[in-house]
**Student:** 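I have a structure here, written as structure tokens, and I will follow up with some questions on it.
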Amino acid sequence: MSHARSGRGRPPRGPRPGQHPVRFGTAELLRDDDRANAWLLSVGGVAQSYVDLDDPTNLEFNYVRRLGDLVDFLPSGPLDALHVGGAGCSLPRYVAATRPGSRQLVFDADEPLIELVREQLDLRSVPKLRVRIEDGRVGVRSRRDASADLVVLDAFERATLASGLATVEFVTDVARVLRPSGALLANITDGTGLPFARRFLATLAEVFPYVLLLAEPGVLRGRRFGNLVLAASRTELPTTELARRAASSAYPARCVHGAELHKLRGKAEPMTDAEAVAAPSPPEDVLGLF
């Protein structure tokens, strides 16, 4: 990393490893020893984002790669995208690189974290990306009907999905904001028995006719805690293509849909604002690994 100064008295340019206090804990920025300009951002010891400043299409985390696969199979051309949860904004960077001309808005409640990413990880350079410091539910509520092609839910607080993002009421509001061909993508975590994932599947199915799930086999069978990526839409999703790509990836995943997804959901009921359903927190022995 160059230490040349751009002007007298200015600090060295570029990211700097270190710890920083943020709203939901302590953020740490670490350089990837294998790539010259790639960085791992964690909060409270939990990995939040991997950002490759030289190649935004390099999606190191498996679940972000699954989200990227889903983006790839949306209708071609620029996207109008909303992201609930930002951190290092790995997926918005990917969308900007692979869908030039896309307009994106990120809602994130952690202002110190976003300022850190702006200053250290060059967030201001991402074309047509805006970040608003705001609760995701409030932010989505402010958007016009049929104004987005894509809504992504990936908002975690202290390793747990932000409250209120998995209810029928919120998902219904997302559906209002989406265009008829648009898609909702969500990253969640779950463990043994997948109780939260099953209820979230039921929630999505209450609002959208087409739903699918992508997960590694060990997570899908409930053998270990990990990430599950879900997609929902009013139009049919490209399950065959997604299944083929997921199966051939470096860390193979399964694409579950249709009757198999209905079986996985079982008798789980949708979640609503009237009940307090806490998203699962990871066991201590997997913190930072998922």
Side-chain angles (χ1 to χ4, degrees), residues 15 29-32 34-43 47-108 113-114 116-118 120-132 136 148-156 174 178 181-188 212 214-216 227-233 237-238 241-242 244-246 248-251 253 255 290:
L29 197 59
L30 295 172
R31 185 195 298 273
D32 184 344
D34 297 324
R35 298 182 74 92
N37 206 16
W39 297 83
L40 175 67
L41 175 67
S42 64
V43 176
Q48 296 287 323
S49 301
Y50 179 94
V51 177
D52 189 333
L53 293 172
D54 291 335
D55 181 9
T57 68
N58 175 28
L59 302 178
E60 183 76 7
F61 292 174
N62 297 332
Y63 82 87
V64 184
R65 180 65 266 172
R66 300 285 80 79
L67 291 168
D69 292 342
L70 286 159
V71 168
D72 290 347
F73 287 114
L74 294 177
S76 61
L79 300 172
D80 288 324
L82 301 178
H83 301 262
V84 178
C89 293
S90 303
L91 192 67
R93 296 172 197 261
Y94 180 83
V95 171
T98 60
R99 302 293 189 104
S102 293
R103 297 179 298 182
Q104 301 185 83
L105 176 60
V106 173
F107 299 112
D108 198 294
L113 180 61
I114 292 299
L116 171 65
V117 173
R118 281 176 173 147
Q120 298 285 335
L121 296 178
D122 203 21
L123 189 60
R124 293 184 178 90
S125 71
V126 182
K128 297 188 176 183
L129 173 64
R130 294 182 295 136
V131 181
R132 183 181 297 173
D149 303 299
L150 172 67
V151 176
V152 181
L153 307 183
D154 188 14
F156 284 75
V174 170
L178 283 171
S181 61
L184 163 63
L185 311 183
N187 168 47
I188 66 169
L212 64 78
L214 293 163
E216 295 178 24
N227 297 82
L228 303 99
V229 169
L230 300 99
S233 180
L237 295 161
E241 296 90 339
L242 284 165
R244 185 180 301 116
R245 182 177 292 191
S248 63
S249 68
Y251 295 92
C255 179
F290 65 95

**Student:** With sequence neighbours excluded, tell me which residues meet side-chain contact (heavy atoms from CB on, under 4.5 Å) with A38.
**Tutor:**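 Here the qualifying residues are D32, R35, Y50, D52.
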**Student:** Which residues pass the side-chain hydrogen bond (donor to acceptor under 3.5 Å, both in side chains) test with D54, not counting sequence neighbours?
**Tutor:**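 N37.
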**Student:** Which pair of non-hydrogen atoms, one from P92 and one from V126, has the smallest distance, and what is that distance?
**Tutor:**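 P92 and V126 have their closest heavy atoms at O-CG1, 4.4 Å.
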**Student:** What closest approach, in Å, do A87 and L41 show between heavy atoms, and which atom pair accounts for it?
**Tutor:**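 Nearest pair, atom of A87 first, then L41: C-CD2, 4.2 Å.
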**Student:** Closer than 3.5 angstrom, by distance alone: can the side chain of S102 be matched with the main-chain N or O of L79 as a donor-acceptor pair?
**Tutor:**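 Present.
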**Student:** Tell me, please, which residues at least two apart from R130 pass side-chain contact (heavy atoms from CB on, under 4.5 Å).
**Tutor:**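 Partners of R130 under the side-chain contact (heavy atoms from CB on, under 4.5 Å) test: L105, R132, R143.
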**Student:** Check whether any side-chain N or O of R99 sits under 3.5 Å from a backbone N or O of G77 as a donor-acceptor pair, and report yes or no.
**Tutor:**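 Checking the backbone N and O of G77 against the side chain of R99, a donor-acceptor pair under 3.5 Å is found.
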**Student:** Can you tell me how far CG of L129 sits from CZ of R124, rounded to the nearest 0.5 angstrom?
**Tutor:**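 Answer rounded to 0.5 Å: 11.5 Å.
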**Student:** Might you point out which heavy atoms bring A246 and L214 nearest each other, and give the distance in Å?
**Tutor:**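 So the two residues come closest at CB-CD2, 4.1 Å.
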**Student:** Could you give the distance from CG (L121) to SG (C89), rounded to the nearest 0.5 Å?
**Tutor:**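 Nearest 0.5 Å value for the CG-SG distance: 9.5 Å.
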**Student:** Within a strict 4.5 Å, meaning less than it, do heavy atoms of the L242 and D69 side chains meet?
**Tutor:**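 With C-beta onward as the side chain, the pair touches.
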**Student:** Only counting residues at least two apart or in another chain, list the ones meeting side-chain contact (heavy atoms from CB on, under 4.5 Å) with S76.
**Tutor:**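 Listed in chain order: nothing, the list is empty.
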**Student:** Can you tell me how far the OG atom of S42 sits from the CG atom of L30, to the nearest 0.5 Å?
**Tutor:**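 Answer rounded to 0.5 Å: 6.0 Å.
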**Student:** Knowing that exactly one of L153, V151, V174 qualifies, which makes a side-chain contact (heavy atoms from CB on, under 4.5 Å) with L82?
**Tutor:**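 It is V151, the one option of L153, V151, V174 that forms the side-chain contact (heavy atoms from CB on, under 4.5 Å) with L82.
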**Student:** Return the minimal non-hydrogen interatomic distance between V106 and G86, and the atom names on each side.
**Tutor:**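 Closest approach of V106 to G86: CG1-CA, 3.6 Å.
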**Student:** By side-chain contact (heavy atoms from CB on, under 4.5 Å), which residues pair with T98, not counting sequence neighbours?
**Tutor:**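 T98: side-chain contact (heavy atoms from CB on, under 4.5 Å) contacts with T57, Y94.
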**Student:** I need the L53 CG to Q120 CD distance, nearest 0.5 Å.
**Tutor:**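 Those atoms lie 10.5 Å apart.
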**Student:** What pair of heavy atoms forms the shortest contact from H83 to A81, and how long is it?
**Tutor:**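 Here H83 and A81 meet closest at NE2-CB, 3.8 Å.
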**Student:** Identify the heavy atoms of V64 and S90 that sit nearest to each other, and give their distance.
**Tutor:**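 Closest pair (atom of V64, atom of S90, distance): CG1-CB, 4.4 Å.
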**Student:** Which residue, V152, L70, N187, forms the side-chain contact (heavy atoms from CB on, under 4.5 Å) with L91?
**Tutor:**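 Exactly one option meets the side-chain contact (heavy atoms from CB on, under 4.5 Å) with L91, and it is V152.
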**Student:** Which value, rounded to the nearest 0.5 Å, describes the distance between L150 atom CG and L178 atom CG?
**Tutor:**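 Result: 8.0 Å between the selected atoms.
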**Student:** Which pairs with one or both residues in residues 70-82 pass salt bridge (Lys or Arg N to Asp or Glu O under 4.0 Å), sequence neighbours excluded?
**Tutor:**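 Output for this query lists R65-D72, D72-R245, D80-R103, D80-R179.
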**Student:** Atom CG in D149, atom CG in L74: separation rounded to 0.5 Å?
**Tutor:**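 D149 CG to L74 CG: 8.0 Å, rounded to 0.5 Å.
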